[in-house]
Amino acid sequence: MLFKKEFRSDKPYSGFWGKLYLTQKQRRGLLKWSLYTLLLLTLSVLQDVVLCRFRLFGATTELVPMGIFLICILEGAETGCVFALTASALYLFSGTAAGPYSMVFITVLAVAVTIFRQAYLQKGWGAAVLCAAAAMLGYELLQFFMGLFLGLTIPSRLVGFLITTFLSSLTIPFLYPIILSIEAIGGETWKE
C-alpha cells in the first residue's frame, strides 16, 4: 500500500536570518534604520568630540538636530514623526541636548516642516534645504527664548544662536546625499 504525504517536510535550517522569519522588505527596513542610528551616533560623536573645539563667535554646530530634521523631511510625516520623537529622546538622554524642552522642540519642528514640505513643496534638494534650515532656525530661536525665560542666557547671545543655525545649515550639502542614499534602501513608500 502506498502512502501519500499530506504535509510538506520542513525546510532545512537556513542560518540565523532564516530563523528570524523576516521578509526581504523587513530586512531592508532594519538595515535602513540601523544605518540612520549609526549616522546619528557618528554625528553626535563628531559634534561633541571634534567640532565643539572650534567656535565662531562662541557658536558651534548642532549636527544631531540637523540630522534628525533631514531624516524626518526625507522619510515623510508618517514614519518621520515617530523617528523624530525617538531620536530626540535619545538625544536628550545622551546629555548633549540643552534641556528636556529640546525633545519637544525637535519633534514638533521636524513634524511641522515635514508636513509643510509634503503639502506645498516637491521632494528634492531645494525643499530639503529650505525646510531643514527653517527647522534649525526655529529650534535655535526656541532654545534662545527658553534660555531667556529660564535665565540661562542673555539677549546679546542671540547672535551666537543665529551663527549656530548658519553653521549647522552649512552641513546640509554633506548630510543630504548620505541620508538620501540610506532612505533609498527600503524602497519608495509612496509617490508624490
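These numbers come from a predicted model, not from an experiment.
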### Query
Taking the six-membered ring for Trp, are Phe145 and Phe149 ring centroids under 6.0 Å apart?
no

### Query
Which heavy atom of Pro177 sits nearest a heavy atom of Ser181, and at what distance?
O-OG, 2.8 Å

## Note on the structure
Output for pair (Glu62 CD, Leu43 CG), nearest 0.5 Å, gives 12.0 Å

### Task
Can you measure from CG (Leu35) to CD (Glu183) and round to the nearest 0.5 angstrom?
13.0 Å

### Message
Would you call the rings of Tyr139 and Phe69 parallel, tilted or perpendicular, taking 30° and 60° as the class edges?
### Response
perpendicular

### Query
Quick one: CZ on Phe174 to CG on Leu63, what's the gap to the nearest 0.5 Å?
11.0 Å

## Note on the structure
Value for CG (Leu41) from CG (Leu46), rounded to nearest 0.5 Å, stands at 11.0 Å

### Members sharing Ile115's hydrophobic cluster (side chains within less than 4.5 Å)
Val111

### Task
Identify the heavy atoms of Cys72 and Ala110 that sit nearest to each other, and give their distance.
SG-O, 3.7 Å

### Message
Count I, L, V, M, F, W, Y as connected when their side-chain heavy atoms are under 4.5 Å apart, and connections chain through other members. Are Phe83 and Leu31 then in the same cluster?
### Response
yes

### Message
For Leu109 versus Ala135, what's the shortest heavy-atom pair and its separation?
### Response
CD1-O, 3.6 Å

### Query
How far apart are the closest heavy atoms of Ile172 and Ala133, and which atoms are they?
CD1-N, 4.2 Å

### Task
Determine, step by step, whether Leu121 and Cys131 satisfy the side chain to side chain contact (heavy atoms under 4.5 Å, CB included) criterion, reporting the C-alpha distance in whole Å, the side-chain angles of both residues, the deciding distance to 0.1 Å, and the verdict.
CA-CA 10 Å; Leu121 303 172; Cys131 291; 3.9 Å; yes

### Same cluster (ILVMFWY, side-chain, under 4.5 Å), Met66 and Ile73
no

### Gln47 side chain to Val64 backbone, donor-acceptor under 3.5 Å
yes

### Task
Sequence neighbours left out, what passes side-chain contact (heavy atoms from CB on, under 4.5 Å) with Ala134? Give chain and number order.
none

## Note on the structure
Correct closest heavy-atom pair for Ser102 and Ala97 would be CB-CB, 3.9 Å

### Message
Would a single hydrophobic cluster contain both Val129 and Leu137, if residues Ile, Leu, Val, Met, Phe, Trp and Tyr are joined by side-chain heavy-atom contacts under 4.5 Å?
### Response
no

#### Entry: Hydrophobic cluster membership, Phe144 vs Ile106, 4.5 Å side-chain cutoff
no

### Query
Sequence neighbours excluded, which residues qualify as side-chain contact (heavy atoms from CB on, under 4.5 Å) partners of Val45?
Val49

### Task
Find out whether Ile71 and Leu40 are in side-chain contact, i.e. whether some heavy atom of one side chain is under 4.5 Å from a heavy atom of the other.
yes

### Query
Considering residues at least two apart in sequence or located in another chain, which fulfil the side chain to side chain donor-acceptor pair (under 3.5 Å) criterion with Ser88?
Thr107

### Query
About how many Å separate CD of Glu75 and OH of Tyr36, when rounded to the nearest 0.5 Å?
3.5 Å

### Query
Any link between Phe105 and Leu85 through a network of hydrophobic side chains (Ile, Leu, Val, Met, Phe, Trp, Tyr) touching at under 4.5 Å?
no

### Task
Return the minimal non-hydrogen interatomic distance between Thr114 and Ala77, and the atom names on each side.
CG2-N, 3.3 Å

#### Entry: Set of residues satisfying side-chain contact (heavy atoms from CB on, under 4.5 Å) with respect to Ser94, sequence neighbours excluded
Tyr91, Thr96

### Query
Does any non-hydrogen side-chain atom of Leu130 lie less than 4.5 Å from one of Val113?
no

### Task
To the nearest 0.5 angstrom, please state how far the CG atom of Leu148 sits from the CD atom of Gln143.
12.0 Å

### Candidate pair Leu142 and Val108, rule side chain to side chain contact (heavy atoms under 4.5 Å, CB included), full reasoning
CA-CA 11 Å; Leu142 285 171; Val108 169; over 6 Å; no

Donor-acceptor pairs are to be reported for all side-chain atoms of residues 155-167 against protein atoms at under 3.5 Å, with residues two or more places apart or in another chain.
residue, atom, partner, partner atom, Å
Thr164, OG1, Thr60, O, 3.3
Thr164, OG1, Gly160, O, 3.0
Thr165, OG1, Phe161, O, 3.1

